[in-house]
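Working notes, structure below.
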Amino acid sequence: MPADLALDSLRKMLAKGNTQLIEVLPEKEYVEEHLPGAINIPLKSMNRDSVAALDRSRPTVVYCWDDI
Amino acid sequence: MGFTDVYDYVNGKVEWMVNRQPVQGSGPHYAMVGEVATQDRLQTCVLGSAVSDSASAMGESGDTFCLVLNDHGVVLGRLRRKHRDADSNDVVEDVMETGPTTVRPTEPAKSLLERMEKRNVPAVVVTTNKGVLVGVARRSDLRRLVEESG
């Protein structure tokens, strides 16, 4: 299970420059607006092939629109 | 899938944007209500509170209401100034107005401001889609935001 991450913690992680950031929303929403440096892997297409290029040794943060 | 250091930014893009963090993309970009939603000077009370205690605090903020929340911060109702005259034994759920109108943080600020000005509404309650209080968006703050964002 991924650990929950709050805004301040995310900012600190991103400032270190070693974090992979993944937006799991549909491509259209990603194209319109996404967090700086995020890549897009829509949830419906997430599988071993679509994440093959990611670095398993780096911290990885996923996000969508909201969970609140 | 072999990942060992994985995190879920649970409040997602909504929280990021209403906190005016930088974004990339083609847009459209627009000012959102959540950018000015605040709990500063906002009067709240919880179920079981005495009306006399809650209502007496109204007015200090400039707002004319007190929001009634449950233990999870969900907005259940609202007290107005008229409730200050309630029986001293009443608790807030006896007299509160249930289900006040709320908006989401991602609502476009400009269109909401136009509706508020048309109806002379001084402030609106902003909640998450689960009803948890984010804050109140005051018309003066929305007007400033819309002017700043062009």
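Keep in mind that what you see is a predicted model, and the values were worked out from it rather than measured. A, B, ... follow the sequence lines: proteins, then strands. Residue 1 opens every chain.
- Under the 4.5 Å side-chain heavy-atom criterion for Ile, Leu, Val, Met, Phe, Trp and Tyr, B/V134 and B/M116 are members of the same hydrophobic cluster.
- Rounding to the nearest 0.5 Å gives a distance of 8.0 Å between OG1 of A/T19 and CG of B/D5.
- Rounding to the nearest 0.5 Å places CZ of B/F3 at 6.0 Å from CD1 of A/I22.
- Residues A/V31 and B/V14 fall into different hydrophobic clusters, defined by Ile, Leu, Val, Met, Phe, Trp and Tyr side chains chained together at heavy-atom separations under 4.5 Å.
- A single hydrophobic cluster is seen to contain both B/V75 and B/L42, as judged by linkage of ILVMFWY side chains at heavy-atom distances under 4.5 Å, directly or through other members.
- Residue contact with chain A, scored on non-hydrogen atoms closer than 4.5 Å, is absent for B/T127.
- Linking ILVMFWY side-chain heavy atoms closer than 4.5 Å, directly or via other members, places B/V95 and B/V68 in a single hydrophobic cluster.
- Remark: the backbone N or O of B/H29 is not paired with any side-chain donor or acceptor of A/E33 at under 3.5 angstrom.
- For the set A/P36, A/A6, A/P2, the count of heavy-atom pairs under 4.5 angstrom toward chain B peaks at A/P36.
- Contact check for B/W16 versus A/L10: side-chain heavy atoms found under the 4.5 Å cut-off.
- Of the listed residues A/L5, A/L54, A/D4, A/N47, the one with more heavy-atom pairs under 4.5 angstrom with chain B than any other is A/L5.
- For B/E97, the CD atom counts as densely surrounded, since its 6.0 Å shell holds more than 12 non-hydrogen atoms of other residues, nucleotides or ligands.
- Put simply, the side chain of B/N11 does not reach to within 4.5 Å of the side chain of A/Y63, judged on heavy atoms.
- Proximity to chain A is absent for every atom of B/V132, based on heavy atoms less than 4.5 angstrom apart.
- When hydrophobic clusters are built by joining Ile, Leu, Val, Met, Phe, Trp and Tyr residues whose side-chain heavy atoms come closer than 4.5 Å, directly or via intermediates, A/Y30 is not grouped with A/V61.
- Note on B/K13 versus A/E23: salt bridge recorded, some NZ/NE/NH1/NH2 to OD/OE distance being below 4.0 Å.
- A/L25 touches chain B through its side chain: at least one heavy atom from C-beta onward sits under 4.5 Å away, while N, CA, C and O do not.
- Both the backbone and the side chain of A/L35 come within less than 4.5 Å of a heavy atom in chain B.
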